[in-house]
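Presented below is the structure to which this report refers.
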Amino acid sequence: MALRLAVQALSATSLSPAEATSPNKPPSSVQQHPPMPAPATSSRRRLVTIAMASAALLAPQLLLPPAAARGAGAFDGALDLRIIIPEESSEEAQAVVRTHARNLLRVKRLIDAGAWRELQAELRASASNLKQDLYAIIQATDPTRRADLRRLYSDLFNSVTSLDYAARDKDVPQVQEHYGNIVTALDQIFSKIT
């Protein structure tokens, strides 16, 4: 069926086989004037038009079956392909936030060893988990305390980013300074969320 529709689309555009295979050669009929080279874009446009027409003809056949035939759990209505990340509850975040904070602080051994690549990898992995946990906890807190926690959250992860850049540059004094800022920010955050 799809092949038949594509052939119909090709014949509707009246593109001869010679034009389809060689866009710069004129048809083999008698010519009175020397042939002018056809721009390559006109044949490309023609092919794009054919492809679009074929897609428009084939689109109704590619639609999903009705919702009743798809069964439970399938997409309802229009096709929705947004990525949805399940939100973590504040209780789940409270249970693991200290573990993720300890993992973030364990990069100290990599700082002391001067293992810069490993430091960056470990820092990024542990910071992403901690970031998700703290965000869930902050969203669940009292709105009057959120502004202060958000500021501390921002300070913490700005220090993490600065530490990452300092590790990339192998700047030991900056790495140690930003690590100290991370420790201070975590202490302040945990004093306010517990």
Side-chain angles (χ1 to χ4, degrees), residues 44 48 51-52 55-56 59 62-194:
R44 286 187 197 132
V48 168
M52 291 175 63
L62 298 176
L63 293 179
L64 295 172
R70 289 193 309 243
F75 293 116
D76 293 328
L79 189 59
D80 185 9
L81 297 177
R82 288 178 288 161
I83 296 174
I84 299 173
I85 299 171
E87 290 187 23
E88 185 178 32
S89 71
S90 65
E91 292 81 22
E92 294 169 334
Q94 287 279 357
V96 294
V97 70
R98 292 196 182 273
T99 304
H100 291 151
R102 268 188 246 117
N103 291 341
L104 180 63
L105 294 177
R106 284 188 184 143
V107 300
K108 177 69 172 152
R109 63 183 166 73
L110 297 170
I111 292 171
D112 294 339
W116 306 115
R117 295 262 183 205
E118 294 83 7
L119 168 65
Q120 287 180 296
E122 183 68 27
L123 182 69
R124 292 172 187 169
S126 57
S128 70
N129 292 333
L130 181 62
K131 190 176 221 179
Q132 184 178 3
D133 295 337
L134 288 176
Y135 183 79
I137 291 169
I138 290 170
Q139 289 303 104
T141 60
D142 182 36
T144 59
R145 295 182 357 182
R146 264 189 222 154
D148 193 34
L149 284 172
R150 284 182 180 156
R151 182 188 55 77
L152 292 171
Y153 175 89
S154 177
D155 291 345
L156 171 65
F157 290 105
N158 285 339
S159 295
V160 168
T161 302
S162 298
L163 175 60
D164 193 357
Y165 284 125
R168 182 190 65 188
D169 296 339
K170 301 175 185 171
D171 186 354
V172 177
Q174 286 294 314
V175 167
Q176 291 175 347
E177 177 186 340
H178 294 303
Y179 181 79
N181 293 342
I182 290 171
V183 172
T184 304
L186 281 172
D187 287 341
Q188 290 175 347
I189 289 172
F190 283 122
S191 69
K192 293 188 183 293
I193 63 173
T194 55

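Reckoned from all heavy atoms, side chains included, excluding hydrogens, waters and symmetry mates.
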* Check: Asn129 and Asn103 side chains under 4.5 Å, non-hydrogen atoms -> no

* Before giving the answer on side-chain contact (heavy atoms from CB on, under 4.5 Å), spell out for Gln120 and Arg168 the whole-Å C-alpha distance, their side-chain angles and the decisive distance to 0.1 Å. => CA-CA 8 Å; Gln120 287 180 296; Arg168 182 190 65 188; 3.3 Å; yes

* Asked: How far apart are the closest heavy atoms of His178 and Ser159, and which atoms are they?
  -> CB-O, 3.8 Å

* Check: Asn181 and Asp155 side chains under 4.5 Å, non-hydrogen atoms -> no

* Asked: Tell me, do Gln188 and Thr184 make a side-chain contact under 4.5 Å, heavy atoms counted?
  -> yes

* Enter the distance from Gln176:CD to Lys108:NZ here, rounded to the nearest 0.5 Å. => 5.5 Å

* Asked: Got a donor-acceptor contact below 3.5 angstrom from the Asp164 side chain to the Val160 backbone?
  -> no

* Inter-residue atom distance Ile137.CD1 - Lys192.NZ, 0.5 Å rounding -> 15.0 Å

* Is the side chain of Tyr179 donor-acceptor paired with the backbone N or O of Leu105 at a distance under 3.5 Å, no angle test? -> yes

* Atom pair CG (Leu104) and CG (Leu123), whose distance is rounded to the nearest 0.5 Å -> 6.0 Å

* Asked: Tell me, do Leu156 and Leu130 make a side-chain contact under 4.5 Å, heavy atoms counted?
  -> yes

* Asked: Just wondering, more than 12 heavy atoms not from Phe190 lying within 6.0 Å of its CZ?
  -> yes

* Structure fact -> Separation between OG (Ser126) and CZ (Arg106), nearest 0.5 Å, reads 10.0 Å

* Going from CG on Leu186 to NE2 on His100, what distance comes out if it is rounded to the nearest 0.5 angstrom? -> 13.0 Å

* Would you call Arg146 and Asp142 a salt bridge, using N to O less than 4.0 angstrom? -> no

* To do: Using a strict 4.0 Å threshold on nitrogen-to-oxygen distance, state whether Arg151 and Asp148 make a salt bridge.
  => yes

* So, do Leu110 and Trp116 sit near enough that their side-chain heavy atoms are less than 4.5 Å apart? -> no

* Are the side chain of Ser154 and the backbone N or O of Arg150 linked by a donor-acceptor pair below 3.5 Å? -> no

* Might you confirm whether atom OH of Tyr135 has over 12 heavy atoms from other residues, nucleotides or ligands at distances under 6.0 Å? => no

* Structure fact -> Nearest heavy-atom contact between Leu152 and Ala185 is O-CB, 4.5 Å

* Minimum heavy-atom distance Leu149-Ile189, with the two atoms named -> CD2-O, 4.4 Å

* Atom pair CD/CG of Glu177 and Asp171 - distance to nearest 0.5 Å -> 9.0 Å

